[in-house]
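All remarks here apply to the structure that follows.
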Amino acid sequence: MSSTGAMTGLRVIDLTRVLGGPYCTQILADHGADVIKVEPPAGDEVRDWGPPFHEEDAAYFVGINRNKRSVGLDLASEGGRTVLMKLLETADVLIENFKPGTLDKWGIGNEVLRAKFPKLVHCRISGFGADGPRGGNPGYDAIIQAMTGMIAATGSPESGPMRIGVPLVDITTGLYAAIGILMALSERQRSGLGQFLETTLYEAGLAIMHPHTANYFMHGKPPSLTGNEHPNLVPYAIFPTKTDNIFIGVGNDGTFRKLAKEIGKPELGTDPRFARNKDRIANRDALRAELAAVFSQHEAEPLCNRLLAAGLPAGPVQKIDQALTNPHTLHRGDIIEKDWYKGVASPIRLERTKPSLRRTPPKFSQHTAEVLREFGYSKNEIEALVAEGAVCGSERKR
């Protein structure tokens, strides 16, 4: 299928499962890359992470695997690895999230790949990397949240430490992997050579702990639990109104004075307790009481509309159904549909080379025969590979 995406002409062999890797390759696929998703005989395990399901595939899988073709291969078999090496002959990128050392055990480690495919960009996603005290250990989003200080910095004194409600570490690792791949491809234009790159959940978790790491390096104190409030800015929190909650975020003293004037309390902007951000931090509770008294007299949506129109940071606290049906969401074309599939569009909006929805998320091994024929395999050869178990048919081995 043709595409005018920025990644058109790029071939990606995707050996990843679960979230970080598939999230990365969907970014590339949305923008035109030919992503061949190679699945083990049991399939990507998140196909089972439901309900809800479309037929036998969980929404969890559906949400991160559009625009890809699925090929089932048993890479533990010599025949499966032979097929993989054939696929890599025309590949630009290989991405995998096997435990470090797995490809070496199979005789297709990075040194072998580098010698055979010098232009290949080989990206590995892992929990902790191959070396160090935790080298080779498995990584899971919530565990990395716990280990990098994220959970300890999230929550309120009443709730105690809390896991962030979206798999932020996995998703961020996928984003970093996509950025790293693009960097390596850019460098390849100069050197003519690919390279190995590694993105770990652990390092991604540490990297996104801003401003807590910066604060700690500066004053040596771990963050306290501030709930929805910001450790460095006040006001930056949830406030109740007559109808729903709203979130107010103020980044500087001028913005605070403007907010105070807009809500009919200009005196708050010059009050010595609140005039500067450091004063507002010292008098956080007193300011919260002042603002809460004003906001409680207003309805959430009209108040936020007025504040936003004035250039002030304010927004209603919406549930997911409200966010997905919001007039702005619909106007921007943020929801995309094809046949039975519905999803959130790529947020990367390029002027000429636009993202597109070309394929719905694949069924397990749906495109095996199609892809292998493109690589020169005959019908009889494909049937023989299926018979020996190197290549998978449409049935998963659970």
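Side-chain atoms are counted along with the backbone in the values below, which use heavy atoms only and exclude waters and symmetry mates.
With respect to K86 and E89, a salt bridge is recorded, a charged nitrogen being found less than 4.0 Å from a carboxylate O. The existence of a salt bridge linking R273 and D279 is excluded, since no basic side-chain nitrogen approaches an acidic carboxylate oxygen closer than 4.0 Å. The pair D34-R11 counts as a salt bridge, with a side-chain nitrogen and a carboxylate oxygen less than 4.0 angstrom apart. With salt bridges taken as basic N to acidic carboxylate O contacts below 4.0 Å, one links D92 and R188.
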Extract all donor-acceptor atom pairs below 3.5 Å that involve side chains of residues 167-185 and protein atoms in other chains or at least two apart in sequence.
residue: T172; atom: OG1; partner: L168; partner atom: O; Å: 2.7
residue: T173; atom: OG1; partner: V169; partner atom: O; Å: 2.7

Pairs of donor and acceptor atoms involving the side chains of residues 326-333, under 3.5 Å and at least two apart or interchain, shall be tabulated with distances.
residue: N326; atom: OD1; partner: H328; partner atom: N; Å: 2.8
residue: N326; atom: ND2; partner: Q318; partner atom: OE1; Å: 3.3
residue: T329; atom: OG1; partner: A323; partner atom: O; Å: 2.7

Per-pair distances, 0.1 Å, donor-acceptor, side chain in residues 256-263, under 3.5 Å, sequence neighbours excluded:
residue: K258; atom: NZ; partner: A310; partner atom: O; Å: 2.6
residue: E262; atom: OE2; partner: R306; partner atom: NH1; Å: 3.3

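Although no hydrogens or angles enter the test, the distance criterion places a donor-acceptor pair under 3.5 Å between the side chain of K68 and the main chain of P22. Judged by distance alone, with hydrogens and angles left aside, the side-chain atoms of R396 form no donor-acceptor pair with the main-chain N or O of P41 at under 3.5 Å.
By the 4.5 Å heavy-atom criterion applied to side chains, E229 and R288 are counted as neighbours. With a 4.5 Å cut-off on side-chain heavy atoms, S156 and L225 do not count as touching.
Note on residues 193-214: pairs passing ring pair (Phe, Tyr, Trp, His ring centres under 6.0 Å), not counting sequence neighbours, are H122-F196, F128-Y202. Within the structure, the ring pair (Phe, Tyr, Trp, His ring centres under 6.0 Å) test picks out no pair touching residues 346-391 (sequence neighbours left out).
Residues satisfying the side chain to side chain donor-acceptor pair (under 3.5 Å) test with E383, not counting sequence neighbours, are K379.
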message: Walk me through whether Y236 and F247 qualify under ring-ring contact (aromatic ring centres under 6.0 Å, His included).
response: CA-CA 7 Å; Y236 201 100; F247 203 103; 5.5 Å; yes
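For the 3.5 Å distance criterion, the side chains of S356 and R358 qualify, holding a donor opposite an acceptor.
For the atom pair CG (N283) and CD (E290), the distance works out to 10.5 Å, reported to the nearest 0.5 Å.
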